[in-house]
Amino acid sequence: MNQPLFAAPKGTFDHVPPRAETILAVRDAMAEQVRRAGFGYIETPSFEETALFVRGVGESTDVVTKEMYSFTTKGGDDVTLRPEGTAPVLRAALENNLHRGALPVKLWYSGSYYRYERPQKGRYRHFSQVGAEVLGTEDPASDAELIVLAVDAYRALGMTGVRVVLNSLGSEESRPAYREALREYLRGLDLDEQTAARVEANPLRVLDDKRPEIQAALADAPVVADFLSPADRTHHDTVCELLAEAGVPFEQDPRLVRGLDYYTRTLFEFVHDGLGSQSAVGGGGRYDGLSELLGGPRLPGVGWALGVERTALALEAEGVPLPGQNGLDVYAVPLGGEASRHLFGVATELRRAGVRTDMAVGGRGLKGAMKAADRSGARFALVVGERDIAEDEVQVKDLRSGEQEAVSFSDVVPHVTRRLGH
RNA sequence: GUGGCUGUAGCUCAGCAGGUAGAGCACCUGGUUGUGGUCCAGGAAGUCGCGGGUUCAAAUCCCGUCAGUCACCCCA
């Protein structure tokens with residue numbers, strides 16, 4: 001803390017031990033769920049042609065108008081660090097003709113996303129999410145499947161405070177009528193300039209405004225549910241029934257809308273109260289028209305993205321014990337250079353036998369090294385000094401009981417693996 | 001882009017009717033010529049975010065600036 005150091009760019013962060021292990025555990029828990037359900041792993045570039053997001057996410061969205069990291073390459077291409085995953089994955093599916101094979105195509109992915117926003121709790125310029133998409137079916141079973149998988153991922157992590165919030169925006173056929181009705185209603189209100197502009201560009205998003213005066217003004221606004229076609233209604237009811245049968249509680253929220261334009265019908269969010277103002281730990285919905293927006297064929301889809309950092313924050317807020325700490329089995333303590341050479345070999349053999357082993361280096365004193373052994377959380381300490389070398393012995397100390405026994409060098413590896421129950 | 005709050009040791013913070021810095025935890029050493037977790041003793045560690053101003057004297061007051069943080073707009 002003396003010289004001017006480099007710092008992580010605004011809104012970004014480093015995941016450092018031991019907390020970083022939580023991040024890994026969160027990703028793993030999410031990945032485990034989708035793998036079990038037959039999703040295939042897909043990776044796409046961290047940046048895409050800017051036009052993909054403008055067309056896919058929607059020209060009038062905040063993401064596109066003010067949150068994109070866009071730049072022009074040396075070759076003159078306009079590219080953007082991806083602010084979300086669905087449009088890129090759909091692009092990749094179409095480009096690789098995945099939709100020409102068996103449908104539906106089920107894909108999952110994990111990676112970094114970028115949005116140029118003012119940072120606050122749970123909202124950063126660089127964040128990571130795990131996503132899943134089901135392409136090529138309108139079956140409400142896929143909507144429900146995804147929601148159940150996400151909830152099971154949260155549960156697997158030990159989280160209890162997530163709520164599922166659900167809504168239906170209606171299909172491309174029924175939504176426009178609602179849009180118009182809502183717009184008419186909103187025009188009758190006394191709104192600030194920015195909000196009034198939003199009424200014209202995308203009235204649904206006004207429903208999402210958190211300001212109390214706006215929410216109060218929306219009390220008598222028309223509700224989507226009244227505009228759903230019979231087919232939309234059936235679709236939505238089926239999703240609800242499947243969730244109920246799966247034992248996944250949910251709340252209907254007719255005000256739920258999301259900031260991306262491509263959503264149709266099913267829309268959902270996973271919310272948690274321990275995150276401050278950014279309460280969504282994950283969210284998603286159906287996007288039956290997105291493929292066509294991108295110039296592709298009719299290819300309905302549904303998907304979600306789960307925020308890795310926000311999930312970690314939620315776990316911390318609940319006080320769930322942080323999963324996945326790196327545990328050691330053995331910590332080797334040499335006394336002097338000769339002993340160090342001997343134990344180096346033992347440590348290598350132990351690791352090759354699958355035993356998690358660390359060793360004191362730098363010629364620390366015995367006391368200091370034992371302290372390090374204790375802090376490492378290892379089950380056993382291996383102590384070797386000149387006397388032991390002379391007698392071909394390793395002192396194996398059980399750090400829990402404090403008991404210690406001498407074992408010959410040739411027996412150490414099998415002795416330790418046996419006592420660890422490997 | 002707008003607003004509130006905060007910047008003192010590795011971490012969490014105290015000190016702010018101005019007199020050139022403290023605690024707890026962590027770390028290192030010793031008490032035990034070869035043994036951790038408890039205890040005891042000692043030690044190392046800070047241009048008090050940065051710049052300017054007021055003053056005999058500024059961590060403390062004033063101005064500016066940067067950074068962090070929380071919130072709004074919106075979202076993972």
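First the proteins, then the strands, lettered A, B, ... as listed; each starts at 1. Just the heavy atoms: all of them, side chains too, but no hydrogens, waters or symmetry mates, feed the values below.
- Within the 4.0 Å cut-off from OP1 or OP2 of B:rC72, at least one side-chain nitrogen or oxygen of A:S277 is found.
- If you take atom C1' in B:rC27 and the same atom in B:rC66, they sit 31 Å apart, rounded to whole Å.
- Judged by Watson-Crick or G-U wobble contacts below 3.5 Å, the nucleotide B:rG24 has B:rC11 as its partner.
- Of all the heavy atoms in A:P249 and A:R155, the pair that sits closest is CD-NH2, 3.7 Å.
- Distances were taken from every side-chain heavy atom of A:E67 (C-beta onward) to each of B:rA71, B:rC74, B:rG36; the shortest belongs to B:rC74.
- With hydrogens and angles ignored, the 3.5 Å screen pairs no side-chain donor or acceptor of A:D374 with any backbone N or O of A:M370.
- Ring centroids of A:Y154 and A:F270 are separated by less than 6.0 Å, placing the two rings close together.
- Taking 4.0 Å as the cut-off between side-chain N and carboxylate O, A:R91 and A:E48 count as a salt-bridged pair.
- One C1' atom belongs to B:rA26, the other to B:rA45, and the distance between them is 12 Å to the nearest Å.
- The nucleotide B:rC50 finds its pairing partner in B:rG64, both defining distances of the Watson-Crick or G-U wobble pair being shorter than 3.5 Å.
- Nearest to the side chain of A:K121, among B:rC74, B:rC70, B:rG34, sits B:rC70.
- Using a 4.0 Å heavy-atom criterion, one finds that A:G122 contacts the bases of the nucleic acid, with or without backbone contacts as well.
- Distance A:R118 CZ to B:rG1 C1': 8 Å, rounded to the nearest Å.
- Nucleotides B:rC63 and B:rG24 have their C1' atoms positioned 36 Å apart, rounded to a whole Å.
- Put simply, the side chain of A:K397 and the base of B:rG34 share no donor and acceptor less than 3.5 Å apart.
- A donor-acceptor contact under 3.5 Å is not formed by the side chain of A:R375 with the base of B:rG36.
- Here the CG-CD1 distance, from A:L191 to A:I214, works out to 5.5 Å after rounding to the nearest 0.5 Å.
- Nucleotides B:rU32 and B:rG37 have their C1' atoms positioned 15 Å apart, rounded to a whole Å.
- Rounded to an integer number of Å, the gap from CD of A:E403 to C1' of B:rG36 is 15 Å.
- Applying the 4.0 Å criterion to OP1 and OP2 of B:rC72, one finds that A:Q120 has a side-chain N or O inside that range.
- Going from the C1' atom of B:rU6 to that of B:rC13 covers 13 Å, rounded to whole Å.
- Nucleotide B:rG30 forms a Watson-Crick or G-U wobble pair with B:rC40, both donor-acceptor distances falling under 3.5 Å.
- Looking at heavy-atom distances under 4.0 Å, A:D388 makes contact with a base.
- Rounded to whole angstrom, the span from the NZ atom of A:K371 across to the P atom of B:rG31 amounts to 13 Å.
- Here the straight-line distance linking atom CG of A:L186 with atom OG1 of A:T195 works out to 9.5 Å at 0.5 Å rounding.
- The side chain of A:R198 sits closest to B:rC74 out of B:rG36, B:rG34, B:rC74.
- A gap of 6 Å separates the C1' atoms of B:rG18 and B:rU60, to the nearest Å.
- Between the side chain of A:Q404 and the base of B:rU35 there is at least one donor-acceptor pair of N/O atoms closer than 3.5 Å.
- Nucleotides B:rC5 and B:rG10 place their P atoms 28 Å apart, quoted to the nearest Å.
- Side-chain proximity of A:Q278 to B:rU35, B:rG34, B:rC74: nearest is B:rC74.
- Remark: the A:D374 side chain and the B:rG36 base include a donor-acceptor N/O pair separated by less than 3.5 Å.
- Nucleotides B:rC16 and B:rA21 have their C1' atoms positioned 13 Å apart, rounded to a whole Å.
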